[in-house]
Amino acid sequence: NLASTGGGLYGDTSVEIVVRDSHVWGNHATDAGGGIASFRRVVVINSTVTMNYAVDGGGGIHGTVVEVVSSSVNMNAGGRGGAIALFTNGASLLLARSEVLGNYARDVGGGIFLSRGAITLEAGSVLRENAATANGGGIMMVQAGAYLYLANSTIQRNQCTNGGGVYCTQGCRITISNGSSVHGNQAFSNGGGLYLAEDSTLEVLGESRVWENVCCWSGAGIMARAGSLVLLAGGSSVEGNVADREGGGITLNRGKSILRPTTLWVTRAAVMHNVALTYSGGGIVSDMACAVWLGEGSVVYGNWAGYEGGGISARASSLQLSENTAIAFNKALNGGGIALSGPSDEIANSSNPSDFMHASGATFIGNSATYSGGALMVNSGAQVAMGPWSLLGVSEKDQSTMKELWWNATNSRLSQEAKSTLLTESGGGAPVSDELKAALRVTTRNCKLKSVCVKDNSAQQGAAFFFRMCWRGSTLARLHLEGNVGLVESSSGEQQPTSIIAAQASTALLVESRFIRNTGTALWVQQDSSVLVSGLRVAQHSGVDQGAAIYVDARSSALVRNSSFVNCSAQRGGAVFTAGRLDLVHSTFRGNGAALLGGAVYLQLNSQALTGKAGNSAEAWQVTNITQCDFVNNTAGGVAADCECTASAASSLGEECGNGGALYIEGGGDPLEINRTYLRALTYAGNTAQNGGVVGYWRPVNLHASPFPPHCEGCPLLEAGDGNVAAYGSPGGWATAPANLE
């Protein structure tokens, strides 16, 4: 049949159409409603609407109020809405126990086109294998107030340019609940599963899933833009989606205005096993002043990115992690768990909060990176804080709405066993399983980490944290790091240990933290950095060349107070090695060992240590202060490390080997007076070395000591000094007299 409107059946505003136990097929409309057109109400029961065509809207059905029950609308084609189109205000569509299958739209809405009104899919309805040339392979929603509700239904294997499953433009709302599924849809550009273009809201609740969707650019599971709001709750998940570029699971984008951030809330839900093939954000991408909030019971798990941010990539965005949130087993080249970067000038100069990460009680477990930052990489310009949560970048109205939805979402797909495995409580050294492999890297201007437990991590540099350009100051408090391994491949192909925490061109504060049984230098201060350390406990660190606990590079400085270093071992400087400025105050060194020199501390004096400028200016001085410290049972000379102090080793170093059971001072500098070492009120007991049981030195030293240490047994400096032994030289004293003593 052929007609302008309603090729098969037509009903005006005075007529209701009921199709029962029938077939409507092979009809053609030159305008709208190839099979059926109704401007009042149409009901299709136990029937089939198939192989109809309309030039404009609704290849199968064009209507105002449409109910399809136990029926199929399939193989139809139209300009907008290959199967069904609804254009009028207050329009509604109900699909119950029905399918919309294999329809095609030349423009938008391969399955269904909705201008304004509501769509309900329930009772096992399926919308699948529909296609559109432009947007909305399954469903296209175009006006503010349009609403889509899925209950125990599926949108599956639809395809188009944007929004393979669903595309909504401005002010729309989508609720996916009761075990519904958006599955296997494809977009040739963005939003494989769902695309929210502007000021729209998406709720995925009640163990529903957005899974195995694909796209060729960004947001394979969900793409949300320009002030939209996304909630995952109640055991829902976004999983197994694949984006060719970024945002395998979810992409948030602000659109053209920094004043309209897009927001994602996740609570008692999972973003897992998603992939971004070539760039960032395997699980989530939050871009340009957007906000992500991960609430209680949230899991970002097993995602993968080809470049950075295996779990989450947050660029100039706010990121909130609440208690019992797990970032687990994600992978990327950099920032396996999270990659956080700072704002552009446009964002930085705006009033909108951005580039901030806040976490309280979150756990990073099992994340890995090929190069750096297995769990967390934060690029220059961002800010990180760990403590009580506060919400940034979300309006009060949205906060209220999302909190209400959060409290109503009580179900969880995660088993108790999975929860106990993934949601290990963080902080204070809480136990984490031995299988966990993670690493944290921070490269930012202002970072604050509090009560974080990180165990068994590995990376090439900064196995736990890496700070780069943190010149505004970074704070790390109450950290527990255990079993971490910093490794880098040498020119010979062997794996060489590096650092657990590294600070590069940064200032940082490290407070009340514990480092136990890590491989690599616990704290590496490098390239114009300045670090204050208080209440640090480092024990059983090993496997490094210089300074198993602290290494201070030239042109850098560290102040260490009220700290202890126990059973650390290295080739030189068993616990501490410094080539920059160092202050050690009220600290204890016990049972440390160096294979070659400086059982506890190695001081390498360098005339250009701080600024790289030769001369006598105060800023170019390298000053070392060691005050009121205890050195007990430290050893130099091959006793506590794998290699031994041999004649060949000494010759290759150009230094005397096996010196300084407690301290070793490598003198030098021209002029000599610019490098000063102060030793005040120190206690030594039970230190041993081949030469200089307490202090050994090489080359002239500008030493200021109080009281002055004569090089003889029983000197006043060596309180409780019985038991300090040198194999050669004066027992309990210096190897030989240092030069230029004052």
Side-chain angles (χ1 to χ4, degrees), residues 1-12 17 24-39 42 44 48-66 68 72-93 95 99-119 127-144 146 148 155 157-170 172 185-191 195 197:
N1 299 292
L2 174 65
S4 173
T5 302
L9 297 169
Y10 175 83
D12 60 19
I17 298 175
V24 179
W25 66 280
N27 302 287
H28 186 124
T30 57
D31 186 7
I36 302 170
S38 171
F39 291 90
V42 58
V44 180
T48 301
V49 179
T50 184
M51 299 182 69
N52 300 283
Y53 174 76
V55 174
D56 187 10
I61 300 171
H62 175 282
T64 300
V65 177
V66 179
V68 181
S72 175
V73 183
N74 62 77
M75 306 298 292
N76 302 282
R80 294 176 291 173
I84 301 170
L86 301 98
F87 285 93
T88 59
N89 285 325
S92 67
L93 168 65
L95 292 178
E99 68 174 2
V100 176
L101 168 66
N103 302 280
Y104 171 73
R106 294 191 327 275
D107 188 5
V108 295
I112 300 169
F113 178 91
L114 174 66
S115 178
R116 55 183 72 87
I119 301 172
L127 184 75
R128 64 186 176 97
E129 297 176 12
N130 303 283
T133 301
N135 300 326
I139 298 173
M140 179 73 182
M141 305 163 66
V142 298
Q143 294 290 340
L148 170 64
I155 298 175
R157 293 200 297 274
N158 305 282
Q159 67 178 23
C160 66
T161 302
N162 293 294
V166 180
Y167 185 105
C168 61
T169 55
Q170 182 178 13
C172 301
N185 301 283
Q186 179 179 0
F188 301 115
S189 186
N190 300 304
Y195 190 113

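Counting from 1, the numbers follow the sequence of the chain as shown. Keep in mind that this is a model prediction, so the values were computed, not measured. Computed from heavy atoms alone, side chains included, the values below leave out hydrogens, waters and symmetry copies.
- Minimum interatomic distance between Val55 and His28 (heavy atoms only, all atoms of both residues): CG2-NE2, 4.4 Å.
- Of the possible donor and acceptor atoms, one in the side chain of Thr50 sits under 3.5 Å from a partner among the backbone N and O of Asn74.
- With Val100 as the fixed residue, the side-chain contact (heavy atoms from CB on, under 4.5 Å) test singles out one of Ile155, Asn130, Ile139: Asn130.
- Here the straight-line distance linking atom SG of Cys160 with atom CZ of Phe188 works out to 8.0 Å at 0.5 Å rounding.
- Separating the CD1 atom in Ile119 from the CG atom in Leu114 is a distance of 4.5 Å, to the nearest 0.5 Å.
- Here the straight-line distance linking atom CG of Leu127 with atom CD1 of Ile112 works out to 5.0 Å at 0.5 Å rounding.
- The aromatic rings of Phe87 and His62 sit parallel to each other, their planes meeting at less than 30°, with 60° as the upper class boundary.
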Could you walk me through whether Val166 and Asn158 pass the side chain to side chain contact (heavy atoms under 4.5 Å, CB included) check?
CA-CA 9 Å; Val166 180; Asn158 305 282; over 6 Å; no
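- Across all their heavy atoms, Thr133 and Tyr104 have their closest contact at OG1-OH, 2.7 Å.
- Considering every non-hydrogen atom in both Ala32 and Ala37, the closest pair reads O-CB, 4.2 Å.
- Note that the OG1 atom of Thr161 and the CD atom of Gln186 stand 10.5 Å from one another [nearest 0.5 Å].
- One N or O on the side chain of Asn76 and one on the backbone of Met51 form a donor-acceptor pair closer than 3.5 Å.
- Here the shortest heavy-atom pairing between Thr5 and Tyr10 reads O-CD1, 3.7 Å.
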Evaluation steps, side chain to side chain contact (heavy atoms under 4.5 Å, CB included), between Asn190 and Tyr195:
CA-CA 7 Å; Asn190 300 304; Tyr195 190 113; 3.8 Å; yes
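- For Asp107, there are no salt bridge (Lys or Arg N to Asp or Glu O under 4.0 Å) partners, not counting sequence neighbours.
- In this structure, the separation between CG on Asn162 and CE on Met140 is 9.5 Å, given to the nearest 0.5 Å.
- Heavy atoms only, all atoms of each residue included: Ala105 and Gly82 are closest at CB-N, 3.8 Å.
- Atom OH of residue Tyr53 and atom CG of residue Asn27 lie 14.0 Å apart, to the nearest 0.5 angstrom.
- Nearest heavy atoms, Ala85 versus Arg80: CB-O, 3.7 Å.
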